[in-house]
Amino acid sequence: MTTINTQRLTGDTSIANWLADPVGGPILRDMLAQGGQSADVFRPVRRLAIKRLVGMSKGAFSQETLDELVRRAAAGEVPAGVEAESVVDANDAAAASVRLREWKERIDAGRFTGQTVIVTGAGSGIGRATASRIAREGGRVIAVDISQERLDEFRAEHAGADVVPVVGDITDDASIAEIVSAAGDTVDALANIAGIMDDMTPVGDVTDAVWDRVFRINVTGTMKLMRAVIPTMLAQGGGSIVNTASEAALRGSAAGAAYTASKHAVAGLTKSSAFMYGPSGIRVNAVAPGPTITNIEANFASALGAERVRVGMSVMPDPVEPDALAASITFLLSDDGVNVNGVILASDGGWSAA
Ligand code: NAD
C-alpha cells in the first residue's frame with residue numbers, strides 16, 4: 001500500500017473529482033473493479049456529489065461504503081500496485097484529469113422575506129428544491145402537491161420555516177380555490193412546477209388518455225392557477241410567475257408528441273401572459289429544464305419513439321440535481337429578475353445550444 005497526500009475528499013465531493021484525485025480515484029476504481037465494474041457506470045452522474053449515490057443506488061452503494069471510502073481516502077490508502085495514472089480510463093480522461101469546479105447552493109438570506117410564493121409540485125424534485133430554497137430565504141411558501149405524504153415530509157424537513165402545505169390537484173377548481181385562499185390577500189410570486197411526462201409515443205401512436213392527461217396537468221393546471229392569481233397580482237400592482245417548460249418546449253427530439261406539444265403550449269401561455277400583463281407589472285417567464293434527477297416517470301411505449309428520442313439524447317448533458325433548477329427558477333421569481341419578462345430560460349447545461 002502507498003500513501004499519497006491528497007485534497008480532502010468527502011461525501012460532498014463530486015464523483016468526477018473523486019475519480020480525478022490521485023488517491024480517491026484509485027480507491028474508487030478498485031472498489032468498482034471488485035464489483036466487476038468500471039468508472040464508466042458513473043458517467044451520467046459524475047458531476048453529482050458522491051453521497052447522492054447512497055439514495056440513488058437503492059442499497060448498492062451504502063452509507064457504510066461511502067464512510068469507508070472517505071476513511072480510506074483520508075488515510076491515503078491507495079490499493080497496492082495501483083498507480084493513479086495507470087487506472088485512468090482513456091474515455092474518462094476529461095473527467096479524470098481535470099478537477100471540475102463544484103457548484104454549491106449559496107443562500108441569499110432574506111431574498112424572499114415578506115413575500116408569499118405559491119409553489120406547485122412542492123413534494124418532489126424541482127418543485128421541492130424550489131420551495132425549499134424560497135423557505136430558506138425567508139419566504140412564506142404555499143407548498144402545493146397532490147401527494148399528502150410528500151408534503152408532510154417536506155414540511156417536517158423545514159420545521160422552522162413559514163410553510164403552508166396545501167394538498168390538492170392543480171386540475172381541480174376546488175383545489176385552485178383552496179390554494180388561493182391559503183395564500184391570502186397577497187401573492188408575490190407563483191412557481192408552476194407540477195407536471196408529468198408522457199410515454200414517448202409519436203403522434204401516430206398517442207392514446208387519447210395520455211394526450212388528455214398530459215395536457216390537463218401540464219397546460220390546463222398551469223393556466224388555471226395563473227388565471228386564479230392574476231386578479232390579486234393586478235390589484236397589488238405586480239408579481240412574478242414562473243412556469244415550467246422543458247427542453248421539449250425548444251425541440252422535437254426530447255419526448256413524445258403529447259409532452260412536447262404540452263410544453264410548447266406552456267411556452268405560448270408564458271409569452272402571451274408576459275405580453276398582456278407586462279404593462280401591469282406582472283412578469284411571466286418559464287424555465288426549460290434539461291435532464292434533472294427527480295422522481296418524474298417516463299416510459300417508452302413506442303419502439304419508434306424510443307429509437308428517435310435516443311438520437312436526440314446523444315448530445316444531452318449530464319443530469320443535474322434539482323437545486324440547480326431551483327437556482328434558475330428563484331432568480332426569475334425574485335426581484336433580481338426585474339427586467340426579465342416573457343423569456344423561456346433554458347436551464348439545461350447547454351443542451352439547447354447543441
Ligand atoms: P417529480 O415527479 O419529481 O415532481 C413533480 C411533483 O408534482 C410530484 O410531487 C407530483 O406529486 C406533483 N404533481 C403531479 N401532478 C400534480 C397535480 N395534478 N397537482 C398537484 N401536484 C401534482 O418531477 P420533476 O422532474 O421535479 O418535474 C417538475 C417539472 O419539471 C415538470 O413540469 C416537468 O415536466 C419539468 N421537467 C422535468 C425534467 C426532468 O428531467 N426531471 C426535465 C424537463 C422538465
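No hydrogens, no waters, no symmetry mates; every other heavy atom, side chains included, goes into these values. Bear in mind the structure is a predicted one, so any value in this text is a computation, not a measurement. We count ligands from 1, going down the list as the structure has it; atoms in each ligand are counted the same way.
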Seminar exercise, completed: Going by chain and number, the hydrophobic cluster around Val287 (ILVMFWY, side chain to side chain under 4.5 Å) further includes Phe112, Val117, Val119, Ile126, Ile134, Val141, Ile193, Val242, Val320, Leu325, Ile329, Phe331, Leu332, Leu333, Val340, Val343, Leu345
Exercise. Judging by distance only, is a nitrogen or oxygen of Ile193 under 3.5 angstrom from one on ligand 1?
Worked result: yes
Exercise. Considering Leu325, Thr292, Asp198, which one's heavy-atom position lies nearest to atom 41 (N) of ligand 1?
Worked result: Thr292
Exercise. Is it the side chain, the backbone, both or neither of Ala122 that has a heavy atom closer than 4.0 Å to ligand 1?
Worked result: neither
Exercise. Has Arg310 got its NZ or CZ under 6.0 Å from the middle of the six-membered ring of Phe300, at an angle within 45 degrees of the ring axis?
Worked result: yes
Exercise. Is the shortest N/O to N/O distance between Asp145 and ligand 1 below 3.5 Å?
Worked result: yes
Problem set entry | Thr294 N/O to ligand 1 N/O under 3.5 Å | yes
Exercise. Is there at least one pair of N or O atoms, one from Ile126 and one from ligand 1, spaced under 3.5 Å apart?
Worked result: yes
Problem set entry | Donor-acceptor pair, side chain of Gln236 and main chain of Gly238, under 3.5 angstrom | yes
Exercise. Is the shortest distance from a heavy atom of Glu297 to ligand 1 less than 4.0 Å?
Worked result: no
Exercise. N/O of Pro291 under 3.5 Å from N/O of ligand 1, yes or no?
Worked result: no
For this session: Determine whether the side chains of Asn243 and Thr222 contain a donor N or O and an acceptor N or O closer than 3.5 Å.
Result: no
Problem set entry | Closest protein heavy atom to atom 44 (C) of ligand 1, given as residue, atom name and distance to 0.1 Å | Tyr259 OH, 3.3 Å
Exercise. Judging by distance only, is a nitrogen or oxygen of Thr244 under 3.5 angstrom from one on ligand 1?
Worked result: no
